[in-house]
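What you are looking at is a predicted structure, and each value in this text was computed from that prediction instead of being measured.
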Amino acid sequence: MSDRSAGGREPVPVTIGPPPSGPAPGRGEPGPLPELTILYRGPLASCDYDCPYCPFAKRRDTPDTLRADRQALERFVSWVAGRTGDRLSVLFTPWGEGLVRSWYRRAIVELSRLPQVRRVAIQTNLGGRTGWLREADRARTALWCTYHPGQTDHARFLRRCRELDALGVRHSVGVVGLPEHLVAARRLRGDLPPEVYLWVNAAEGREYSDAEAALWSAIDPYFGWSRFPHPSAGAPCRTGETVISVSGDGTVRRCHFVDTPLGNLYDGSFAAALRPRGCPRAQCDCHIGYVHLRTLPLYGLFAGGVPERIPAGWPGPPPEEFPGQFRMPTPA
């Protein structure tokens with residue numbers, strides 16, 4: 001599950017047929033693309049956890065939905081494999097938990113081995129095994145891991161994190177900033193190596209006093225970026241230009257939070273729509289959205305680690321080339 005809440009639209013059933021044998025009439029494979037980050041989200045919505053703050057808790061997908069999700073993901077991987085002249089990064093942001101499904105593990109391994117893929121990452125609760133990562137190119141693979149106190153015990157989650165360390169897999173770890181999570185988050189921060197960034201997401205709809213924010217900022221010094229929604233109406237944003245959202249049927253949108261389609265991945269119609277554009281929403285309160293705003297310096301802060309949410313040079317200070325730009329934001 002993504003930042004704050006599930007984010008974006010409810011999943012809808014999709015039927016995925018075999019890849020088309022050729023381009024649609026009047027369209028075709030686009031020429032070279034800009035260096036592109038793709039947020040992919042298929043129809044999968046099932047999860048093995050039942051977090052009270054998540055609308056997809058303990059949801060079960062039907063066999064037909066699972067089959068459609070697998071076929072959609074395989075089609076997407078095939079498309080990426082064919083884009084040999086591009087530079088692509090992929091972040092999987094499933095509604096549910098992807099890594100308990102073999103096709104997500106296989107997709108990450110396959111994508112990591114493609115020379116055109118700079119990074120492949122996935123949001124996960126890290127509840128499953130990690131040994132499969134030995135087959136991946138671990139220099140290009142990363143995990144965005146969320147710790148859900150009450151759904152897994154501390155020792156088990158920490159053991160999974162240590163397995164990632166031993167495998168040399170880049171990863172960030174985070175929690176939702178609920179009061180009942182504070183003790184568990186402090187304990188986890190104390191037990192993780194300092195090289196592992198532990199982020200904190202502001203809880204959906206929750207306002208934090210300065211005193212509360214200080215408690216969370218002691219764990220995540222960049223919590224302030226999540227504390228308040230960011231005004232975004234008309235603000236320049238990389239989404240729709242060098243960042244896109246792709247659904248299981250290939251529909252391309254600028255991000256998960258703007259419903260207007262830009263075209264389709266598989267007929268190439270999206271490429272002509274890639275251009276600079278302002279945000280149509282009044283505000284953006286989700287990390288996978290606001291990190292791309294050009295009005296914020298977060299591409300500098302997370303340089304080299306935007307998909308997996310790892311600050312540049314962590315655990316050191318922010319990059320020197322951005323002096324004074326990392327003050328915590330205040331509400332508008």
Student: Let me check something: do Leu88 and Leu73 share a hydrophobic cluster, defined by ILVMFWY side-chain heavy atoms less than 4.5 Å apart, either directly or through other members?
Tutor: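 Same cluster.
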
Student: Which pair of non-hydrogen atoms, one from Trp132 and one from Leu99, has the smallest distance, and what is that distance?
Tutor: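 For Trp132 versus Leu99, the nearest heavy atoms are CZ2-CD2, 3.8 Å.
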
Student: Write down the atom of His154, the atom of Asp191, and the distance for their closest heavy-atom approach.
Tutor: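 Where His154 meets Asp191 most closely, the heavy atoms are NE2-OD2, 2.7 Å.
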
Student: So, Asn201 side chain and Val176 main chain: donor-acceptor pair closer than 3.5 Å or not?
Tutor: no

Student: Is the shortest distance from a Lys or Arg side-chain nitrogen in Glu241 or Arg277 to a carboxylate oxygen in the other one below 4.0 Å?
Tutor: no

Student: What's the verdict on side-chain contact (heavy atoms from CB on, under 4.5 Å) for Thr239 and Val258, showing C-alpha distance, side-chain angles and the deciding distance?
Tutor: CA-CA 10 Å; Thr239 62; Val258 178; over 6 Å; no

Student: Nearest heavy-atom pair of Pro297 and Trp225: which atoms, and what distance?
Tutor: CD-CH2, 3.9 Å

Student: Please report the closest heavy-atom contact between Phe302 and Pro311, naming both atoms and the distance.
Tutor: CD2-N, 3.6 Å

Student: Is the backbone of Phe157 close enough, under 3.5 Å, to the side chain of Arg162 for a donor and an acceptor to pair up by distance?
Tutor: no

Student: Taking the side chain from Arg281 and the backbone from Gly234, do they hold a donor-acceptor pair closer than 3.5 Å?
Tutor: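 Judged by distance alone, no pair lies under 3.5 Å.
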
Student: Would you find a donor on one side and an acceptor on the other, under 3.5 Å apart, between the side chain of Arg254 and the backbone of Ile244?
Tutor: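 No; judged by distance alone, with no hydrogens or angles, the pair does not exist.
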
Student: Could you work out, with salt bridge (charged side-chain N to carboxylate O under 4.0 Å, His left out) as the rule, every residue matching Glu163, not counting sequence neighbours?
Tutor: Arg160

Student: Identify whether NZ of Lys or CZ of Arg in Arg227 sits under 6.0 Å from the centre of the six-membered ring of Phe223 and within 45° of that ring's axis.
Tutor: no

Student: Apply the test side-chain contact (heavy atoms from CB on, under 4.5 Å) to residues Phe270 and Leu265: give CA-CA distance (whole Å), side-chain angles for both, the deciding distance (0.1 Å), then the verdict.
Tutor: CA-CA 6 Å; Phe270 77 98; Leu265 195 72; 3.9 Å; yes

Student: Would you check if the side chain of Glu97 reaches a backbone N or O of Thr124 as a donor-acceptor pair within less than 3.5 Å?
Tutor: no

Student: Donor-acceptor check, side chain of Arg238 to backbone of His292, threshold 3.5 angstrom: yes or no?
Tutor: yes

Student: May I ask you to decide if Asp137's main-chain N or O and Ser112's side chain share a donor-acceptor pair within less than 3.5 Å?
Tutor: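 Yes.
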
Student: Step by step, would you call Ser172 with Trp144 a side-chain hydrogen bond (donor to acceptor under 3.5 Å, both in side chains)?
Tutor: CA-CA 5 Å; Ser172 66; Trp144 167 322; 5.4 Å; no

Student: Is there a donor-acceptor contact under 3.5 Å from the side chain of Tyr290 to the main chain of Ser232?
Tutor: no

Student: Could you go through Thr62 and Asp64, starting from their C-alpha distance and side-chain angles, then the distance that decides it, and tell me whether this counts as side-chain hydrogen bond (donor to acceptor under 3.5 Å, both in side chains)?
Tutor: CA-CA 5 Å; Thr62 66; Asp64 285 346; 5.3 Å; no

Student: Using atom types as modelled and distance alone, determine if a side-chain donor or acceptor of Ser217 lies under 3.5 Å from a backbone N or O of Ala213.
Tutor: yes

Student: With sequence neighbours left out, write down each residue that passes side-chain hydrogen bond (donor to acceptor under 3.5 Å, both in side chains) with His171, or none if nothing qualifies.
Tutor: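 Not a single residue meets the side-chain hydrogen bond (donor to acceptor under 3.5 Å, both in side chains) criterion with His171.
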
Student: What closest approach, in Å, do Trp103 and Leu66 show between heavy atoms, and which atom pair accounts for it?
Tutor: CZ2-O, 3.7 Å

Student: Determine, using ring centers only, whether His256 and Trp95 are less than 6.0 Å apart.
Tutor: no

Student: Using the ring centroid of each side chain, check whether Phe76 and Tyr266 are separated by less than 6.0 Å.
Tutor: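 Ring-ring flag for Phe76/Tyr266: false, centres at least 6.0 Å apart.
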
Student: Has Asn264 got a side-chain atom pairing as donor or acceptor with Asp249's backbone, closer than 3.5 angstrom?
Tutor: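 Checking the backbone N and O of Asp249 against the side chain of Asn264, a donor-acceptor pair under 3.5 Å is found.
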
Student: With clusters defined by side-chain heavy atoms of hydrophobic residues (ILVMFWY) lying less than 4.5 Å apart, directly or transitively, does Val196 cluster with Val169?
Tutor: yes

Student: For residues Val77 and Glu110, report the shortest heavy-atom separation together with the two atoms involved.
Tutor: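 Closest heavy-atom pair between Val77 and Glu110: CG1-OE1, 3.5 Å.
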
